[in-house]
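Since the structure is predicted, the reported quantities are computational estimates derived from the model, not experimental observations. Both ligands and their constituent atoms are indexed starting at 1 by order of listing.
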Amino acid sequence: MEKTLMIQEINRLKKEKNAVILAHYYQDGDIQDIADYTGDSLYLSQIASQTDADVIVFAGVHFMAETAKILSPEKTVLLPVKEAGCPMADMVTKVRLLNYKEKHPDRIVVCYVNSTAEVKALSDICVTSSNAEKIIKNYQGQKMLYVPDKNLGTYLREKYDLDMEVWPGFCCIHNDLTLDQVAKMKKKYPKAELIVHPEAKLEIVKVSDFAGSTKGLLNYVIKSNHNEFIVGTEKGIIHTMKKACPDKKFHILSNGLACYDMKLTRLEDVYLALKEDKYVIEVEENIRLKAFEALNKMMKLS
Ligand code: 13P
Ligand code: SF4
């Protein structure tokens with residue numbers, strides 16, 4: 001089907017089914033442009049819990065759609081591409097976390113939103129990259145475990161001097177960034193500021209001018225007096241940044257900054273999701289209730 005026609009059909013089906021499309025900033029520009037809301041994990045979770053639509057089409061990865069379902073169980077939540085997952089979210093499993101908790105019953109489990117419902121259900125509280133610093137301050141002085149992102153966990157531990165163990169998970173694209181790449185890009189664009197997502201290693205975050213969630217990075221470039229940026233996060237966000245700041249320049253820190261799973265979703269998948277009601281996300285009720293507690297605590301402290 002031709003693109004303009006497909007967009008018309010998406011809009012028609014959206015009305016017919018009282019649906020809303022949420023898209024993460026890492027989605028392709030085409031998807032971000034047809035979405036009703038684009039944002040970071042926290043913002044999209046907040047929208048999912050507040051919308052009065054009957055159907056949520058989540059253009060993102062599995063844990064995001066699952067989080068929407070946990071927060072809005074009465075709604076139909078659709079993930080356009082069944083296989084779109086987050087490899088980091090799968091680096092901590094229910095069995096391993098239970099095993100850890102048995103050995104360390106005194107540690108509060110802080111769970112990054114990039115995790116499965118089962119892991120959230122075993123956690124005391126969830127965080128995202130945009131509220132982790134604010135929330136973690138409430139637990140200063142207590143024993144904690146942070147799952148699954150070792151980089152964001154280490155960043156928090158160092159910055160706030162926490163008694164926090166960190167799980168050895170990581171994001172395969174942010175974790176690959178190197179100081180060598182930073183040096184080359186700074187040499188090529190000496191006037192540009194370096195902005196990075198805290199899923200990058202601490203050594204990269206330390207040499208950056210600003211580190212924050214995808215929304216944090218976007219707000220930073222909008223407000224900054226600088227005109228040029230080296231961007232250390234998934235390249236989809238450059239579409240959003242260019243739209244918000246057409247006169248500023250953005251250079252991706254590495255061409256490897258493309259999330260394979262985020263890029264699986266195409267316009268046609270969004271259309272088919274709406275047309276054929278696929279793929280429906282379900283969460284077992286006893287798991288959902290426990291995961292909801294950890295997410296709800298986060299929402300209240302955000
Ligand atoms: P944000 O919460 O900053 O949108 O990040 C989600 C993510 O998956 C980053 O890799
Ligand atoms: Fe997961 Fe990394 Fe992709 Fe974010 S960018 S969804 S953390 S694999």
Engineer: With a 4.0 Å cut-off, would you call Arg266 and Glu268 a salt bridge?
Structural biologist: yes

Engineer: Given Met262, Lys263, Glu199, identify the one with the heavy atom nearest to atom 7 (S) of ligand 2.
Structural biologist: Glu199

Engineer: Of all the atoms in Cys259, is at least one N, O or S atom closer to atom 3 (Fe) of ligand 2 than 2.8 Å?
Structural biologist: yes

Engineer: Run the numbers for me: atoms of ligand 2, each under 4.0 Å from some heavy atom of Tyr26, listed by number.
Structural biologist: 4 (Fe), 5 (S)

Engineer: I want to know if ligand 1 touches Lys215 in the polar sense, i.e. an N/O pair below 3.5 angstrom.
Structural biologist: no

Engineer: Answer with yes or no whether the side chains of Thr4 and Glu2 bring together a donor and an acceptor at under 3.5 Å.
Structural biologist: yes

Engineer: Could an N or O of ligand 1 be found under 3.5 Å from any N or O of Asp40, whether backbone or side chain?
Structural biologist: no

Engineer: For ligand 1, is any non-hydrogen atom under 4.0 Å from His24's backbone (N, CA, C, O), its side chain (CB onward), both, or neither?
Structural biologist: side chain

Engineer: Using heavy-atom distances only, which candidate in Thr214, Asp149, Asn131 approaches atom 1 (P) of ligand 1 most closely?
Structural biologist: Thr214

Engineer: Can Val61 be reached from Val283 by stepping across I, L, V, M, F, W or Y side chains whose heavy atoms are under 4.5 Å apart?
Structural biologist: yes

Engineer: So does Glu293 pair up with Lys290, basic N to acidic O under 4.0 Å?
Structural biologist: no

Engineer: Between Ser41, Ser213, Ala132, flag the one that comes closest to atom 6 (C) of ligand 1 by a heavy atom.
Structural biologist: Ser41

Engineer: Check this for me: does any side-chain nitrogen of one of Asp124 and Lys297 sit under 4.0 Å from a carboxylate oxygen of the other?
Structural biologist: no

Engineer: Report yes or no: does Ser129 have a heavy atom closer than 4.0 Å to ligand 1?
Structural biologist: yes

Engineer: I'd like to check which ligand 2 atoms, numbered from 1 as shown, lie under 4.0 Å from a non-hydrogen atom of Asn114.
Structural biologist: 7 (S)

Engineer: Return the closest protein heavy atom for atom 10 (O) of ligand 1 as residue, atom name and distance.
Structural biologist: Glu199 OE1, 2.8 Å

Engineer: Does Cys86 bring an N, O or S atom to under 2.8 Å of atom 1 (Fe) of ligand 2?
Structural biologist: yes

Engineer: Can Arg157 and Asp163 be counted as an ion pair, charged N to O under 4.0 angstrom?
Structural biologist: no

Engineer: Heavy atoms only: give me the nearest Met88-Pro148 pair and the separation to one decimal.
Structural biologist: O-CG, 3.6 Å

Engineer: Could you tell me whether the side chains of Asn175 and Asn151 share a donor-acceptor contact shorter than 3.5 Å?
Structural biologist: yes

Engineer: Nearest 0.5 angstrom please: Glu9 CD to Leu5 CG, how far?
Structural biologist: 6.0 Å

Engineer: May I ask you to identify, for Glu234, whether its side chain, its backbone, both or neither come under 4.0 Å of ligand 1 on a heavy-atom basis?
Structural biologist: neither

Engineer: Which bit of Asn114 is near ligand 1, meaning a heavy atom under 4.0 Å away: side chain, backbone, both or neither?
Structural biologist: side chain

Engineer: Mind telling me whether Phe250 and Phe229 have parallel, tilted or perpendicular rings, with 30° and 60° as the class edges?
Structural biologist: parallel

Engineer: Is it the case that the side chains of His239 and Asp33 hold a donor-acceptor pair, with the cut-off being a distance below 3.5 Å and no angle test?
Structural biologist: yes

Engineer: Which ligand 2 atoms are under 4.0 Å away from a heavy-atom of Pro87?
Structural biologist: 8 (S)

Engineer: Enumerate the atoms of ligand 2 whose separation from the nearest heavy atom of Met88 is less than 4.0 angstrom.
Structural biologist: 7 (S)

Engineer: Note the single closest protein heavy atom to atom 2 (Fe) of ligand 2, along with its residue, its atom name and the distance in Å.
Structural biologist: Cys171 SG, 2.3 Å

Engineer: So which protein heavy atom does atom 5 (O) of ligand 1 come closest to, and at what separation?
Structural biologist: His197 NE2, 3.4 Å

Engineer: Taking NZ, NE, NH1 and NH2 as the nitrogens, is one of them in Glu133 or Lys159 under 4.0 Å from a carboxylate oxygen of the other?
Structural biologist: yes

Engineer: Quick one: look at Tyr25 and ligand 1, take heavy-atom pairs under 4.0 Å, and tell me if it's side chain, backbone, both or neither.
Structural biologist: neither

Engineer: Which ligand 1 atoms does Tyr26 reach within 4.0 Å, using its non-hydrogen atoms?
Structural biologist: 7 (C), 9 (C), 10 (O)

